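A short write-up of the structure that comes next.
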Amino acid sequence: MVISTYITCFNKGEYIGEAIQSILNQTLQPEEIIIVDDRSTDCSRDIITHYAKQYPSLIKPIFNIKNLGIVKCRNIALRNCSGDLITFLDGDDYFYQEKLESEYNILIKSDAHAVYSNFHYINKKGHIIGKFAEENDTPAEGNIFINTFGRIYNTSSGNNYIYEMFYRNCLNEVGYYDPKIKLWEDWDFRIRFSQKFRYIFCPQINMIYRKHSEGISNL
């Protein structure tokens, strides 16, 4: 099984290098890292180009000639992923080193089609301020359509999961992100995915989500 990863980026120059490096540092390496930059006006493109030159056989940058928005960026990335499994990352977050390996090992040994992990929340200064699931939580698994629709995953945080790993061939039935949706496109995608496919939970804390006070979403 070959893993593809993708990163979406718009003006994340302060963080994009850390995001890329976190994938390069994985204990299980992906086949490719697709990076879609949505016409950033900061230093993001220079940083992405620097990494792409260092790892030309691994990193595949795509620089939009105009700003298209997150939905189209995600779809561009998905259409360029060639692996059997796909996972992803936004340009201001990062993975811990065993993210791909731990999720891969759980997913391929199960009858699930997607796996999601526990994760940390950090603030703008990089300090850990919480996590998705506590030790005594029992996050939803299997058919989680109702959980997804209601955004209720049996976790203390009461928030959504992020950066799941899933089989690429599921896209044939689910489709891609809906370009008509301007907000909560990830929730819509997960609702459609969970109607057809099963999920499993990985209790290992595998990534961080950076909480921004100016963000439009609190998960």
Side-chain angles (χ1 to χ4, degrees), residues 5-10 12 14-16 18-19 22-23 69-71 73-74 77-78 86-100 102-103 106-107 110 112-166 170 174 176-178 181-219:
T5 59
Y6 76 80
I7 302 174
T8 53
C9 176
F10 176 65
K12 301 298 184 184
E14 184 178 357
Y15 308 112
I16 186 63
E18 187 174 30
S22 77
I23 299 179
I70 185 62
V71 177
C73 285
R74 292 197 192 283
L78 285 174
I86 297 174
T87 191
F88 59 104
L89 181 63
D90 290 342
D92 54 350
D93 296 334
Y94 61 85
F95 292 158
Y96 290 135
Q97 284 187 312
E98 295 180 355
K99 196 271 189 192
L100 298 188
S102 62
E103 291 187 347
I106 285 177
L107 186 59
S110 74
H113 305 87
V115 55
Y116 68 98
S117 291
N118 205 356
F119 62 91
H120 279 140
Y121 295 100
I122 65 172
N123 60 22
K124 288 193 70 172
K125 294 182 179 180
H127 300 148
I128 294 172
I129 57 174
K131 56 186 174 180
F132 173 67
E134 299 294 339
E135 290 182 6
N136 293 328
D137 291 343
T138 54
E141 296 185 286
N143 180 350
I144 66 168
F145 170 68
I146 297 299
N147 306 88
T148 304
F149 190 82
R151 289 162 55 91
I152 302 171
Y153 299 103
N154 306 328
T155 61
S156 298
S157 68
N159 291 329
N160 282 338
Y161 60 87
I162 58 174
Y163 308 143
E164 62 271 28
M165 178 184 288
F166 59 91
C170 292
V174 174
Y176 292 80
Y177 289 89
D178 187 342
I181 293 178
K182 304 301 181 185
L183 186 64
W184 303 113
E185 81 290 335
D186 50 350
W187 186 25
D188 170 76
F189 178 85
R190 287 165 180 149
I191 287 172
R192 289 185 280 117
F193 198 104
S194 63
Q195 282 181 305
K196 296 178 179 292
F197 298 110
R198 296 173 57 83
Y199 286 71
I200 193 168
F201 176 68
C202 175
Q204 183 166 316
I205 296 177
N206 276 327
M207 51 260 178
I208 69 94
Y209 175 84
R210 199 180 305 270
K211 286 236 178 186
H212 298 284
S213 59
E214 68 273 15
I216 60 174
S217 169
N218 288 319
L219 285 176

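All of these numbers come straight from a predicted model, not from anything done at the bench.
Within the structure, the ring-ring contact (aromatic ring centres under 6.0 Å, His included) test picks out the following pairs touching residues 125-146 (sequence neighbours left out): F119-F132. Evaluation of the salt bridge (Lys or Arg N to Asp or Glu O under 4.0 Å) test over residues 197-210, restricted to residues two or more places apart or in two chains, returns E18-R210, D111-R198. Sorted by first then second residue, the salt bridge (Lys or Arg N to Asp or Glu O under 4.0 Å) pairs that include residues 133-149, not counting sequence neighbours, are K131-E134.
By the side chain to side chain contact (heavy atoms under 4.5 Å, CB included) test, I129 is found to be paired with Y121, N123, K211, residues two or more places apart in sequence or in another chain being considered. Residues satisfying the side-chain hydrogen bond (donor to acceptor under 3.5 Å, both in side chains) test with Y199, not counting sequence neighbours, are Y161. Residues forming a side chain to side chain contact (heavy atoms under 4.5 Å, CB included) with D188 (at least two apart in sequence, or on another chain): D178, I181, R192. Not counting sequence neighbours, E14 has no partner by the side chain to side chain contact (heavy atoms under 4.5 Å, CB included) test. In this view, S22 satisfies the side-chain hydrogen bond (donor to acceptor under 3.5 Å, both in side chains) rule with no residue, not counting sequence neighbours. Shown here are the side chain to side chain contact (heavy atoms under 4.5 Å, CB included) partners of Y96, two or more places apart in sequence or in another chain: Y94, H120, I128, I205, I208. With sequence neighbours excluded, the residues satisfying salt bridge (charged side-chain N to carboxylate O under 4.0 Å, His left out) with E185 are R74. Qualifying side-chain hydrogen bond (donor to acceptor under 3.5 Å, both in side chains) partners for D93, counting only residues two or more places apart in sequence or in other chains: Y163. The side-chain hydrogen bond (donor to acceptor under 3.5 Å, both in side chains) test applied to T87 returns K99, not counting sequence neighbours.
With 3.5 Å as the limit, one finds a donor-acceptor pair spanning the side chains of E103 and S117.
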